[in-house]
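Residue numbers start at 1 and run along the sequence shown. Order of listing sets the numbers, starting from 1, for every ligand and every atom in it.
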Amino acid sequence: MQVAAQKILYNFKQLQPRTSWSFRHIERKETNAHTHSYHRYPAKFIPQIVQQLIKKFAPTGKEIICDPFGGCGTTLVEAKISGRRSIGFDINPIAKLITETKVTPINPKLLEKCREEFMDNYKNSQKKTLPKCSRVNYWFDTATIKRLDRVYFSIKKIENKKARKFFFCAFSHILKNCSRWLMKSIKPTIDKDKKIPDVKEVFLRHLDSMIQKNKVFYCELVKSGNLNVPAVMYRRDSTKPLPIKKNSIDLVITSPPYVTSYEYADLHQLSLLWLGRDASQFKGWHKFTQEFNEFRKKFIGTSYKQSKDVNFNSYIAEEIINRLEIIDKPLAADVANYFSDMRRFFSEIYRIIKFGGKACVIIGNTTLKGVEIINAQVAAEQMLRLGFRKVNFIKREVLNKMITPWRDKNTGKFTSLSNPAKKRVYQFEYIIVMEK
Ligand SMILES: C[S@@+](CC[C@H](N)C(=O)[O-])C[C@H]1O[C@@H](n2cnc3c(N)ncnc32)[C@H](O)[C@@H]1O
């Protein structure tokens, strides 16, 4: 293997986990502070990582921060709290809805009025239904669909646009609880024994917790003078040119998707299915549900993508693919596609970052069919070959993941603690810090 690639492998081998980055003593209420608990989202950051990176690499407060895999907006929320302007991207329209809600503090008095408006709408609601859809009927029972429709149309009548979005975000969050979806599963799986809760009760409980969180967030931002600090989110494919001028971003903080780990489109299909049927409210969303198979191919790391011209520009990646090809050709093709997409992404962030600006990429390694998929080392090599300069590689212990940390040794699939063939995954992750 080429010397520079060997040096990267050697550097990573020498790394010891850094306790100052493990946040061992952080409690759930701290990771869920501010607006971070508005909506579940797989593989989200713990906000403390972002806070620490902002402090270290955006010291003046004037910096513009970008997260091109913005997810549910952790980076943008933390940027706003710290008074830095931020911009986020994600291919997933649900990510945009959640993030926009989370970075938009609403005057608490207005929100209370909108809650009353919602209750009036609910009391006086007429029978209204969204267009029928067989997949909605698959996931929800008929009585629940009626109750959800009643909540949905009571939200739709709220006049204030920001508040309406806030209520829709709460609605999107409860869809999983109210469906037949097996709650802990990251795959679309029916739970035959699930007791469906009372829709209105679940909705109001979650809404009220969001209202409380908004109040604290709003008051803190007023006090710090950061209420109007811009934080904008777009739905975009980050492997393609982003609508940002070259050399304009001071700091990128991001955590890319992993290969064949989460199918984000599948995971958010309940919200897409429900909201996507209302073209007047959620413009363009119907495309994602009607052409769902095409939509899910756009996510990096998906196994739905067909093989295409791959160019990952990494000796380390090449070795991984060669090893995998002997064992499982289709899987090798998925991983090759992943590394290829990641190279495109790194090339785009190289373009948008200022000279002297930093990129912090938080990424973990995994094993597929017995082959180690050392994403972090590949990412480091790809970035260096694009012209980035190494600042630091940090290894951190992962203590707080929403999902099961176990995979089955034989199938490579996520599994539970009780499976004797379980193997710990994502025990560590890396923060790759590079400078342009
Ligand atoms: C690990 S998650 C990021 C989570 C985020 N750090 C947070 O705290 O919420 C990766 C994200 O990448 C997004 N993604 C996948 N493929 C993408 C693409 N081609 N362009 C932009 N975003 C993409 C997924 O939708 C997902 O939200």
Side-chain angles (χ1 to χ4, degrees), residues 31-51 53-54 65-80 86-103 169 173 186 231 233-244 252-269 271-272 288 294-305 308 334 337-349 352 360-364 366 375-376 379 398 400-403 426 429-431:
T31 53
N32 276 344
H34 301 109
T35 55
H36 291 301
S37 63
Y38 277 12
H39 202 292
R40 72 173 65 73
Y41 205 88
K44 63 177 168 181
F45 281 144
I46 58 166
Q48 286 70 22
I49 297 183
V50 182
Q51 271 167 28
L53 290 171
I54 292 178
I65 299 175
C66 173
D67 187 346
F69 297 122
C72 68
T74 315
T75 302
L76 273 65
V77 172
E78 288 303 318
K80 186 159 180 119
S86 62
I87 180 161
F89 301 96
D90 203 288
I91 193 84
N92 183 0
I94 312 291
K96 178 169 150 66
L97 168 72
I98 303 171
T99 302
E100 284 179 343
T101 310
K102 283 168 68 171
V103 296
C169 180
H173 175 82
I186 58 159
M233 180 78 177
Y234 295 96
R235 200 195 76 80
R236 284 287 192 295
D237 182 343
S238 294
T239 61
K240 306 238 161 79
L242 295 170
I244 303 187
V252 163
I253 300 178
T254 201
S255 145
Y258 295 166
V259 61
T260 68
S261 175
Y262 296 107
E263 292 293 348
Y264 286 94
D266 287 354
L267 272 172
H268 288 111
Q269 62 179 289
S271 302
L272 269 183
F288 310 127
E294 280 311 304
F295 171 61
R296 56 187 182 183
K297 285 182 195 160
K298 299 215 157 54
F299 286 72
I300 299 180
T302 177
S303 54
Y304 297 120
K305 220 172 242 186
K308 54 178 184 209
D334 288 344
N337 272 332
Y338 171 76
F339 287 141
S340 201
D341 279 343
M342 288 302 289
R343 189 200 51 81
R344 273 191 212 103
F345 158 73
F346 288 131
S347 149
E348 182 55 10
I349 61 166
I352 62 173
C360 305
V361 179
I362 293 103
I363 192 165
T366 186
N375 297 313
V398 180
N400 192 326
K401 279 270 160 184
M402 231 184 71
I403 51 134
Y426 306 131
E429 64 184 6
Y430 300 89
I431 307 176

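- In terms of protein heavy atoms, atom 8 (O) of ligand 1 is closest to T74 OG1, 2.6 Å.
- Not one N or O of P256 is nearer than 3.5 Å to an N or O of ligand 1, by distance alone.
- Each of the following atoms of ligand 1 lies closer than 4.0 Å to a heavy atom of P257: 10 (C), 12 (O), 15 (C).
- Distances below 4.0 Å separate heavy atoms of R236 from the following atoms of ligand 1: 20 (N), 21 (C).
- With ligand atoms numbered from 1 in the order given, ligand 1 contributes 15 (C), 16 (N), 25 (O) to contacts under 4.0 Å with heavy atoms of F299.
- Close approach to G70 involves these atoms of ligand 1, each under 4.0 Å from a residue heavy atom: 5 (C), 7 (C), 9 (O).
- Nearest protein heavy-atom contact of atom 20 (N) of ligand 1 is S238 N, 2.9 Å.
- The nearest protein atom to atom 2 (S) of ligand 1, hydrogens excluded, is given as Y264 OH, 3.2 Å; this is a heavy-atom distance.
- Of the protein's non-hydrogen atoms, the one nearest atom 16 (N) of ligand 1 is I300 N, 2.9 Å.
- When non-hydrogen atoms are compared, ligand 1 lies under 4.0 Å from the side chain of Y41 (C-beta onward) but not from its backbone.
- Donor-acceptor pairing under 3.5 Å is lacking for the side chains of T239 and D341.
- Aromatic ring orientation, Y234 versus F89: parallel (interplanar angle below 30°, classes split at 30° and 60°).
- Ion pairing of D266 with R296 is present here, as a side-chain N (NZ or NE/NH1/NH2) and a carboxylate O approach within less than 4.0 Å.
- At a 3.5 angstrom cut-off on N or O pairs, I91 counts as close to ligand 1.
- In the vicinity of N92, heavy-atom distances shorter than 4.0 Å reach the ligand 1 atoms 25 (O).
- In this view, E294 and E291, K297 satisfy the side chain to side chain contact (heavy atoms under 4.5 Å, CB included) rule, not counting sequence neighbours.
- Polar contact check, K44 against ligand 1: no nitrogen or oxygen pair lies under 3.5 Å apart.
- We find that E100 and K96 are joined by a salt bridge, their nearest charged nitrogen and carboxylate oxygen being less than 4.0 Å apart.
- In this structure the side chain of T74 never reaches within 4.5 angstrom of the side chain of Y41, judged on heavy atoms.
- For the residues I363, D90, D341, T302, the heavy atom positioned nearest atom 25 (O) of ligand 1 is part of D90.
- The K298 neighbourhood of ligand 1 comprises atoms 19 (N), with distances under 4.0 Å to a heavy atom of that residue.
- Remark: minimum distance from atom 3 (C) of ligand 1 to any protein heavy atom is reached at F69 O, 3.4 Å.
- In this comparison of T75, D237, I46, T239, the heavy atom closest to atom 19 (N) of ligand 1 sits on D237.
- Looking at every heavy atom in both residues, V252 comes nearest to P68 through CG1-CD, 3.8 Å.
- T75 and D67 are linked by a side-chain donor-acceptor pair at a separation below 3.5 angstrom, with hydrogens and angles left out of the test.
- Here's the thing with A43: none of its N/O atoms is less than 3.5 angstrom from an N/O atom of ligand 1.
- The shortest separation from a heavy atom of S255 to ligand 1 is under 4.0 Å, placing the residue in contact.
- Residues T99 and D90 form no side-chain contact, since every pair of their non-hydrogen atoms from C-beta on lies 4.5 Å or further apart.
- Aromatic ring centres of Y338 and Y258 lie farther apart than the 6.0 Å criterion allows.
- For a threshold of 3.5 Å applied to N or O pairs, the pair formed by C72 and ligand 1 contains at least one separation below that value.
- The closest side-chain heavy-atom distance from I54 to E78 is below 4.5 Å.
- Counting only distance, with no hydrogens or angles, the side chain of T31 and the backbone of I46 share no donor-acceptor pair below 3.5 Å.
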